[in-house]
Amino acid sequence: MSDSLLSQAEIDHLLNGGSSTENESAQESLGTDEIRPYDPNTQRRVIRERLQSLEIINERFARQFRMDMFNLLRRNPDVTAGNIRIQPYHEFARNLPVPTNLNLVHMNPLRGTALFAFSPQMVSMAVDNLFGGDGRFPTKVDGRDFTPTEQRIIRRIMSMAQQSYDEAWSSIYKLQTEYVRSETQIKFTNITSSPNDIVITTPFSVEIGSHSGELHICIPFSIIEPLRELLTNPPLENSRQENQQWHNTLAVQVRDTELDLVARLAEIPSHISRVMTLQKGDVIPLDKPEIVDVFADGHPVFSGKYGQLNKQMAIKVEKIFTPSLLTFNKEK
């Protein structure tokens, strides 16, 4: 038996991956422009659904934030919500100007940290209008940190943005944003585990007169992924009314349901041998209890005093064990 299972020509063919003529023809058919390197570490997560409910939330936030800015600056701003962008976190961070006020917030009860980013143009515009300016003398913010006065004003604007954002979410999902800290460098805002993680960003343009600034809200997709189905479907306006009608109808039907109540007057411990020896005429002594427990289907409902009323045996209710009975009384 020969030691070599393959001939030299076959080995050369395998090492070369085929003939040179086949390789040349394949390269000519594909073209060098259509070939892209594949890197599994930088693959994007494909999200094809349109987040319609999130668009509604952004529009509501823009309207509410415009009113809050008017109350603060006493100038009529124009706040416009941009298109929702789904992109890796490093692309969002790469396009932010320096310095940018970056505010990290928790979105309770969801798990994770979101980002509210105020552009330097918006900060200078807000400071100028708050102190009576009209924007004729723009302030250069590039290359320096924000002053303590600017940081206090930013904190006030951030507080208004949190309230407006919570209210915009109230009809879709009850959440509460919690301020964590503020940064000016994007490398200190680790809201994702990897720069390639997908985030959902929405730019908001704030214009006052001829000057404008931007507010960006960046939310990692991992935070709102549990609400994916809720955000892709638009909310039904009559769902709350239908739920209330269903609740009222169910409450009325439950109140009209017949229920058997059993009052346990006494429990006598004994043995089987004692029961087997009982005969007609035997007397089992028992003590009359002052407080009697009343059960419904084996569950304690209330307790009371045992007695007579209008020549009938009755129990006077002293304590209710089931809190749901109290809610029925309030609804009634």
Side-chain angles (χ1 to χ4, degrees), residues 51-85 92 95-105 107 114-142 144-179 182-184 200-219 231 234-235 237:
L51 303 178
Q52 302 183 47
S53 296
L54 189 58
E55 294 177 358
I56 297 175
I57 292 172
N58 293 334
E59 292 294 336
R60 293 176 179 174
F61 169 75
R63 292 196 299 267
Q64 184 63 34
F65 188 63
R66 183 189 67 81
M67 293 186 291
D68 293 338
M69 290 290 291
F70 173 78
N71 295 331
L72 175 65
L73 305 177
R74 295 303 174 183
R75 298 286 299 274
N76 191 14
D78 186 12
V79 181
T80 305
N83 296 327
I84 297 176
R85 302 172 185 173
F92 166 74
N95 297 325
L96 290 177
V98 179
T100 298
N101 181 259
L102 306 170
N103 301 274
L104 286 78
V105 296
M107 301 179 63
L115 194 66
F116 284 63
F118 295 98
S119 66
Q121 293 79 12
M122 180 177 176
V123 174
S124 61
M125 177 183 62
V127 172
D128 186 60
N129 284 271
L130 187 62
F131 287 97
D134 55 1
R136 288 181 297 177
F137 304 100
T139 304
K140 184 178 180 181
V141 189
D142 299 340
R144 67 173 179 85
D145 293 334
F146 295 107
T147 64
T149 301
E150 291 174 337
Q151 292 178 2
R152 287 195 298 268
I153 295 175
I154 292 171
R155 188 67 188 91
R156 293 177 60 182
I157 298 176
M158 182 60 197
S159 179
M160 295 188 306
Q162 288 181 245
Q163 296 178 2
S164 301
Y165 203 62
D166 293 347
E167 186 174 350
W169 270 84
S170 60
S171 61
I172 306 297
Y173 184 79
K174 297 292 183 180
L175 63 80
Q176 184 177 5
T177 55
E178 178 186 356
Y179 177 79
S182 177
E183 299 288 349
T184 56
I200 298 177
T201 61
T202 306
F204 295 89
S205 176
V206 182
E207 298 181 0
I208 300 179
S210 59
H211 299 275
S212 63
E214 283 191 347
L215 161 65
H216 293 268
I217 298 180
C218 176
I219 305 175
L231 295 178
E237 297 298 334

(message) Can you tell me how the ring of Tyr173 sits relative to the ring of Trp169, calling it parallel under 30°, perpendicular over 60° and tilted otherwise?
(response) perpendicular

(request) Could you pull out the closest heavy-atom pair between Ala126 and Leu73, with the gap in Å? (result) O-CD2, 3.6 Å

(request) Write down the atom of Ile84, the atom of Ile200, and the distance for their closest heavy-atom approach. (result) CG2-CG2, 3.4 Å

(request) Identify the two heavy atoms, one from Met122 and one from Met69, that lie closest to each other, and give their separation to 0.1 Å. (result) CE-CE, 4.5 Å

(request) Determine whether more than 12 heavy atoms belonging to other residues, nucleotides or ligands lie under 6.0 Å from atom CZ of Arg156. (result) no

(message) Looking at every heavy atom in both Asp68 and Met160, which two are closest together, and how far apart are they?
(response) O-SD, 3.5 Å

(request) Using modelled atom types only, decide if a donor and an acceptor are shared between the side chain of Asn58 and the backbone of Gly82 within a distance under 3.5 Å. (result) no

(request) Using modelled atom types only, decide if a donor and an acceptor are shared between the side chain of Thr100 and the backbone of Pro97 within a distance under 3.5 Å. (result) yes

(request) Keeping the roles fixed (side chain from Asn103, backbone from Phe116), state whether a donor-acceptor pair exists under 3.5 Å. (result) yes

(request) Indicate the atoms forming the closest heavy-atom contact of Glu207 with Ser212, along with that distance. (result) CG-CB, 3.6 Å

(message) The test is side-chain contact (heavy atoms from CB on, under 4.5 Å); show your working for Phe146 and Val127 and say whether it passes.
(response) CA-CA 11 Å; Phe146 295 107; Val127 172; over 6 Å; no

(message) If we ignore hydrogens and angles and just use 3.5 Å, is the side chain of Ser119 paired with the main-chain N or O of Glu214 as donor and acceptor?
(response) yes

(request) Determine, stepwise, if the pair Arg66 / Asn76 fulfils side-chain contact (heavy atoms from CB on, under 4.5 Å). (result) CA-CA 8 Å; Arg66 183 189 67 81; Asn76 191 14; 3.3 Å; yes

(message) Any donor-acceptor pair under 3.5 Å linking the side-chain atoms of Arg74 with those of Asn129?
(response) no

